[in-house]
Amino acid sequence: MTPLQDILNDISIKKIIGPTDLSINHLVFDSRKVKAADLFVALKGHTLDGHQFIDKAIRSGATVIVLEELPATIAEKITYLLVDNSAEALGQMAAAFHGHPSQQLKLVGITGTNGKTTTATLLFDLFTAMGYKVGLLSTVANRIAGKTIPSTHTTPDAVGLNELLSEMAAAGCDYAFMEVSSHAIHQRRIAGITFTGGVFTNLTHEHLDYHGTFRDYIYAKKQFFDNLPKAAFALTNIDDKQGEVMVQNTKATVARYSLRRLTDYKARIIDNSLTGLHLELNGVDFFSRLIGGFNAYNLLAVYATAQLLEMDQMETLTQMSGLHSAEGRFEYLIHPTTLVYAIVDYAHTPDALEKVLSTLKKLRRSKEQILTVVGCGGDRDKRKRPIMADVAVRYSDQVILTSDNPRTEDPEAIIREMEAGISATDKNKMLSITNREQAIRTACKLAQPGDFILVAGKGHEKYQEINGVKHPFDDQQIIKKIFAS
């Protein structure tokens with residue numbers, strides 16, 4: 001058990017009711033998981049308010065309640081801690097409860113709309129190759145040195161996050177690289193975490209169903225850099241319109257990277273082909289197996305981060321040359337006889353889809369077609385659906401609109417909303433096939449030798465979520481099966 005006083009040092013408490021000279025077993029914010037002598041934090045969420053479950057938590061054994069609003073009736077023998085923001089308090093307490101594990105690591109957070117997973121994963125692989133014990137927190141998986149833990153969110157909740165960081169510290173990890181989502185920043189999941197550095201990749205319209213406006217989305221991302229400590233670094237992509245905005249108010253030391261301008265870290269694409277990227281990084285020739293201009297940015301961010309962490313330049317470049325992309329990020333398969341390329345990519349925003357498709361157009365040697373299979377997720381921002389379809393038809397020779405993760409929505413209704421973004425003159429380039437496997441099979445049948453098939457939106461995911469049930473579904477495995485038949 002942990003003395004309550006030990007986890008309250010960093011919290012601004014407006015009012016205390018009840019004793020504080022007691023110990024607690026766990027920090028809990030889900031009333032269904034409360035046990036004897038636990039501390040329950042009443043969080044105001046997007047759809048539920050934890051204050052509604054305070055009585056249930058007390059009946060289950062909670063002895064301390066952290067809350068933003070005191071109840072009408074105060075229970076006997078219960079300690080109430082009134083705070084301005086329960087989520088902020090939870091983050092601070094979770095860090096203290098686990099002994100501030102982020103301070104025992106060199107932790108770098110990567111945020112932006114696209115490129116977070118690839119950049120974080122490449123950094124994990126790079127530092128592992130250079131002989132360090134490393135931790136990774138990402139959309140695809142969480143890794144602690146050689147151990148892999150499945151991931152459920154881009155950024156875990158405050159309690160889970162500090163548990164993972166504590167495991168990394170206990171395993172002797174020197175460095176950790178972490179995707180930082182806008183949801184996590186807004187919901188204060190990273191409160192109490194000490195970052196050695198922060199990296200900004202780019203910003204495009206995404207998650208507006210949650211944030212409401214693009215301005216609020218920008219502000220959520222910017223908060224991460226605003227809160228970096230003075231001893232940290234803030235690395236930003238100044239080719240993005242929001243690159244300088246992100247670091248306007250940061251106390252951290254600012255460094256910039258670009259493919260278009262002279263700055264601290266500069267790259268130039270010498271060649272971009274199906275065999276990889278030939279770059280000039282800060283005046284040094286470099287070859288990577290990764291493909292596409294978007295990966296040039298990812299690689300430059302990785303290189304710059306390694307330099308800011310004081311790694312040897314030549315060792316960094318040598319080890320980077322052997323890196324592979326993250327799972328589900330521009331992974332491709334080649335049909336053994338027709339030499340049709342099938343690319344699986346997580347691109348689920350208009351910007352990400354445009355970047356992948358523009359890369360494929362540049363990789364065409366002559367008249368090869370681009371066939372795109374794409375859908376949009378249910379219960380997510382509806383505004384991007386017609387835009388995604390518009391991007392797909394502008395860059396493709398043939399588009400098949402299909403299901404992504406429809407969740408609780410009608411998949412055919414989602415497709416109809418996508419179709420609204422396609423002009424009458426482009427309708428002849430479009431098919432709509434609700435069944436995702438059938439859509440992929442159709443694309444493979446339509447493809448001629450040497451053509452490119454892009455299957456976009458799900459990437460690394462091994463399921464398709466329909467009405468609350470996750471059904472096994474893997475784009476890459478389906479393509480392998482079709483190519484083998």
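In this text, all values refer to a predicted model and were calculated from it rather than measured experimentally.
- Remark: Lys33 is not positioned above the aromatic ring of Phe40, lacking an NZ or CZ atom under 6.0 angstrom from the ring centre and at most 45 degrees off the axis.
- Rounding to the nearest 0.5 angstrom, the gap separating the CG atom in Leu309 from the CE atom in Met311 is 6.0 Å.
- Residues Thr139 and Tyr346 have side chains in contact (heavy-atom distance under 4.5 Å, counting atoms from C-beta outward).
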(request) Could you walk me through whether Thr119 and Val302 pass the side chain to side chain contact (heavy atoms under 4.5 Å, CB included) test, one step at a time? (result) CA-CA 6 Å; Thr119 302; Val302 168; 4.1 Å; yes

(message) Set out, in order, the CA-CA distance, both residues' side-chain angles and the distance that settles side-chain hydrogen bond (donor to acceptor under 3.5 Å, both in side chains) for Glu179 and Thr117, then state yes or no.
(response) CA-CA 7 Å; Glu179 289 187 56; Thr117 299; 2.7 Å; yes

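- At most 12 heavy atoms of other shown residues, nucleotides or ligands fall within 6.0 angstrom of atom OH in Tyr219.
- Leu27 is not listed as a side-chain neighbour of Asn162, based on a closest heavy-atom distance of 4.5 Å or more.
- With respect to the salt-bridge test (charged N to carboxylate O, under 4.0 angstrom), the residues Glu409 and Arg385 qualify.
- Residues Met93 and Leu8 meet the side-chain proximity criterion, which asks for heavy atoms closer than 4.5 Å.
- With Gln92 contributing its side chain and Ala89 its backbone, the two residues share no donor-acceptor pair below 3.5 Å.
- When atom types are taken as modelled, the side chain of Asp125 and the backbone of Leu323 share no donor-acceptor pair closer than 3.5 angstrom.
- For the side chain to side chain donor-acceptor pair (under 3.5 Å) with Lys458, the lone residue among Asp474, Asp345, Asn405 that qualifies is Asn405.
- For the pair Leu122 and Leu290, the minimum side-chain heavy-atom distance is below 4.5 Å.
- Between atom OG1 of residue Thr121 and atom CG of residue Leu126 there is a gap of 12.0 Å, rounded to the nearest 0.5 Å.
- To the nearest 0.5 Å, atom CD1 of residue Ile110 and atom CZ of residue Phe195 are 9.0 Å apart.
- Between Pro156 and Leu164, the shortest heavy-atom contact is CG-CD1, 3.9 Å.
- The number of heavy atoms from other shown groups lying within 6.0 Å of NZ (Lys106) does not exceed 12.
- Counting heavy atoms of neighbouring residues, nucleotides and ligands inside a 6.0 Å radius, atom CD of Gln248 exceeds 12 of them.
- Under the 3.5 Å distance criterion, the side-chain polar atoms of Asp49 are left unmatched by any main-chain donor or acceptor of Gln52.
- Rounded to the nearest 0.5 angstrom, Tyr80 OH and Ile13 CD1 are separated by 15.5 Å.
- One distance of note links OG1 of Thr118 with CG of Asn295; it measures 6.0 Å at 0.5 Å rounding.
- Under a 4.0 Å N-O distance rule, the pair Arg59/Asp55 does not qualify as a salt bridge.
- Counted by atom type alone, Ser403 and Gln464 present zero donor-acceptor pairs between their side chains at under 3.5 Å.
- Annotation for Lys44: atom NZ counts as buried by contact number, over 12 foreign heavy atoms lying within 6.0 Å.
- Here Leu107 contributes atom CG and Leu165 contributes atom CG; the two are 6.0 Å apart, rounded to the nearest 0.5 Å.
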(message) Is there a side-chain hydrogen bond (donor to acceptor under 3.5 Å, both in side chains) between Asn114 and Asp351? Walk through the geometry before answering.
(response) CA-CA 8 Å; Asn114 302 310; Asp351 179 69; 3.0 Å; yes

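- In summary, Glu327 and Lys462 engage in a salt bridge, as defined by a charged side-chain N under 4.0 Å from a carboxylate O.
- Residue-environment remark: NE2 (His26) stays at or below the threshold of 12 foreign heavy atoms within 6.0 Å.
- Pairing each heavy atom of Val254 with each of Thr250, the nearest pair is CG2-CG2, 3.6 Å.
- Side-chain contact check for Met168 versus Gln104: every heavy-atom pair is 4.5 Å or farther apart.
- The shortest side-chain heavy-atom distance between Ile440 and Arg436 falls under the 4.5 Å cut-off.
- A donor-acceptor pair under 3.5 Å links the side-chain atoms of Arg407 to the main chain of Gly378, judged by distance alone.
- Neither side chain, Tyr175 nor Thr196, offers a donor N or O lying under 3.5 Å from an acceptor on the other.
- With a 6.0 Å radius and a threshold of 12 heavy atoms from other residues, nucleotides or ligands, Tyr132 has its OH atom at or below the threshold.
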